[in-house]
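Structure first, commentary second.
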Amino acid sequence: MKKKLFITISCFSILVGCQSKTEQKETSKKEITKVITTIPDMEQKKEIANAATIFSKKEVPILCYHNIREFSSTASGDIKTYTVKPDNFAAQMKALSAAGYHTILPNELYEYLVHDGPLPDKPVMITFDDTREEQYTIGTTEMKKYGFKGVFFVMTVSINRPKYLSKEQIKTLSDSGNIIAAHTWDHHMVTKYSGEDWNIQLNKPKVKLEEIIGKPVTYFAYPFGLWNPTVIPEIKKSGYQMAFILSTKRDPNEPLYTIRRIIVSGTWTTDGMIKAMESSFNKP
């Protein structure tokens, strides 16, 4: 009888203990749920600016470089326009730093435009088009001196070709805090695309670059800066968050897909570059 009573009491104790633990777990779950539900959902609470608001915001200066190498006084007009000598590039980076400029990247620009996120004093974005190797060997070497980061718009057809960026260099650029972005497969004008062109020029380059760097590629630059309103839906459909033009007019209905840049000409002095930048992006 005593044995049966002991067993009964033991079982009851175990049962009570289990219930207590279960209740504790349920209480813990409820408390955790309560805490989680009281934490503000920042993403949901962020106000998303409409096109008119984005278009009205003060522009961030964005510079566009292509070639960084020597050229002669007899070089063609195109070469002089699209090529900055190494010493001049170094002087320009030094001048930007001395003037108090801080580089920003596209994600920061997006947050500023869409969610009114903060920017540093005197922001500037430095971008490079066309996958040239000297953008890595010369460009980033000078930029590192001042803690600058850049955006590299890559034509995937040129990867691993002589005098162009290799996969390893692209990966290193990304790993060191720069942004890798798309510039089509082979630089054909977006305004001429039809049919399979959209896949070849927009989708496949995005996938290839993502495979190289192991990160999403969500920014795009139009070859020659040329675009029209009919191409923007295709850019969006391909998964790009923003797209960059050159110094033509923006689209007030699609300001995120017509972000202005200026080409830094090889004929400019360092002071001339600063003045051109500040005068080109003076919209309040």
Side-chain angles (χ1 to χ4, degrees), residues 54-68 78 80-84 88-89 92-93 95-96 99 101-114 119-120 122-132 134-135 139-140 142-143 148-155 173 178-184 187 189-191 202 205 217-229 231-232 235 240-252 254-268 270 272-283:
I54 293 170
F55 187 75
S56 68
K57 293 188 76 103
K58 185 176 180 179
E59 291 179 287
V60 170
I62 306 179
L63 304 175
C64 176
Y65 289 93
H66 288 79
N67 309 313
I68 308 173
D78 280 350
K80 290 179 179 179
T81 297
Y82 290 98
T83 307
V84 174
N88 289 347
F89 181 84
Q92 289 167 13
M93 295 302 103
L96 286 171
Y101 281 95
H102 302 85
T103 55
I104 68 164
L105 296 174
N107 58 303
E108 296 169 277
L109 179 63
Y110 181 87
E111 286 298 314
Y112 161 69
L113 293 173
V114 177
L119 290 176
K122 303 188 79 170
V124 64
M125 189 182 295
I126 300 173
T127 71
F128 300 88
D129 285 8
D130 298 353
T131 332
R132 298 290 182 178
E134 67 264 21
Q135 297 168 0
T140 57
E142 294 301 325
M143 291 166 66
F148 290 170
K149 303 293 182 184
V151 187
F152 294 79
F153 290 103
V154 175
M155 296 184 302
L173 285 170
N178 300 284
I179 294 296
I180 301 300
H183 198 37
T184 74
H187 212 266
M189 289 185 288
V190 175
T191 53
L202 299 183
V217 171
T218 55
Y219 310 112
F220 177 82
Y222 301 97
F224 310 103
L226 298 176
W227 63 280
N228 62 41
V231 309
I232 293 177
I235 305 292
Y240 294 104
Q241 195 175 45
M242 294 194 299
F244 294 75
I245 60 174
L246 290 173
S247 54
T248 53
K249 289 184 178 180
R250 300 165 67 204
D251 185 342
E254 295 289 0
L256 292 177
Y257 292 86
T258 51
I259 295 173
R260 282 196 330 115
R261 305 181 292 161
I262 60 168
I263 293 174
V264 180
S265 172
T267 62
W268 292 351
T270 299
M273 183 275 290
I274 297 288
K275 288 177 182 177
M277 179 186 73
E278 292 178 342
S279 64
S280 295
F281 297 93
N282 61 355
K283 191 174 77 171

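Worth knowing before you read on, the calculation uses all heavy atoms, side chains too, and leaves out hydrogens, waters and symmetry mates.
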Worked verdict on Val190 versus Phe224 for side-chain contact (heavy atoms from CB on, under 4.5 Å): CA-CA 9 Å; Val190 175; Phe224 310 103; over 6 Å; no
Is there a side-chain contact (heavy atoms from CB on, under 4.5 Å) between Leu96 and Ile274 once you walk through the steps? CA-CA 8 Å; Leu96 286 171; Ile274 297 288; 3.6 Å; yes
Walk me through it: do Tyr110 and Thr218 pass the test side-chain contact (heavy atoms from CB on, under 4.5 Å)? CA-CA 11 Å; Tyr110 181 87; Thr218 55; over 6 Å; no
Under the side-chain contact (heavy atoms from CB on, under 4.5 Å) rule, what do Ile68 and Arg132 come out as? Steps first, then yes or no, please. CA-CA 8 Å; Ile68 308 173; Arg132 298 290 182 178; over 6 Å; no
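Of all heavy-atom pairs between Ile235 and Ala243, the closest is CG2-CB, 4.2 Å. Taking each heavy atom of Val84 and Gln92 in turn, the nearest pair found is CG1-NE2, 4.1 Å. Across every non-hydrogen atom of Gly225 and Thr248, the tightest pair is O-OG1, 4.3 Å. For the residue pair Glu59 and Arg250, the shortest heavy atom distance occurs at OE2-CD, 3.4 Å. The heavy-atom pair separating Asn88 from Gly266 by the smallest distance is ND2-O, 4.5 Å. The two residues Val60 and Pro123 come nearest to each other via the heavy atoms CG1-O, 4.0 Å.
Taking 4.5 Å as the limit, some side-chain heavy atom of Phe281 sits within range of a side-chain heavy atom of Ile262. Side-chain contact between Val154 and Val217: absent, with no pair of heavy atoms (C-beta onward) separated by less than 4.5 Å. Between Tyr219 and Asn107, some side-chain heavy-atom pair lies under the 4.5 Å cut-off. Considering only heavy atoms from C-beta on, His187 comes within 4.5 Å of Asp130 through its side chain. Using a 4.5 Å cut-off on side-chain heavy atoms (C-beta onward), Ile62 and Arg260 make no contact. Side-chain contact between Met277 and Tyr101 is present, with heavy atoms from C-beta onward closer than 4.5 Å. The shortest side-chain heavy-atom distance between Thr267 and Thr81 does not fall under the 4.5 Å cut-off. Put simply, the side chain of Tyr65 does not reach to within 4.5 Å of the side chain of Gln135, judged on heavy atoms.
Residues meeting the side-chain contact (heavy atoms from CB on, under 4.5 Å) test with Asp251, sequence neighbours left out: Trp227, Pro229, Ile232, Asn253, Glu254, Thr258.
Interatomic distance, Thr140 OG1 to Asn178 CG, rounded to the nearest 0.5 Å: 7.0 Å. Distance check, rounded to the nearest 0.5 Å: CE of Met189 to CG of Leu226 gives 6.5 Å. Note that CZ of Phe153 is 12.0 Å distant from OG1 of Thr184, once rounded to the nearest 0.5 Å. For the atom pair Leu256 CG and Leu113 CG, the distance stands at 6.0 Å (nearest 0.5 Å). Distance CD1/Ile104 to CD1/Ile126: 11.0 Å, rounded to 0.5 Å. Leu119 contributes atom CG, which lies 12.0 Å from atom NE2 of His102 (distance to the nearest 0.5 angstrom).
A donor-acceptor pair under 3.5 Å links the side-chain atoms of Lys57 to the main chain of Tyr112, judged by distance alone. With hydrogens and angles ignored, the 3.5 Å screen pairs no side-chain donor or acceptor of Glu111 with any backbone N or O of Glu108. Listed for the Ser279 side chain is a donor-acceptor partner under 3.5 Å among the backbone atoms of Ala276. Judged purely by atom type and a 3.5 angstrom limit, Tyr240 uses its side chain to pair as donor or acceptor with the backbone of Leu202. A distance-only check finds no donor-acceptor pair linking the side chain of Asn228 to the backbone of Thr191 [under 3.5 Å].
Under a cut-off of 6.0 angstrom, the local environment of NZ in Lys122 is crowded, with over 12 non-hydrogen atoms contributed by other residues, nucleotides or ligands.
In this pair, Phe128 and Phe152 present their aromatic rings parallel. The plane angle is below 30°, not in the 30 to 60° band.
Partner Arg261 forms a side chain to side chain contact (heavy atoms under 4.5 Å, CB included) with one of Ile245, Val151, Asp129, Leu63 and no other, that one being Asp129.
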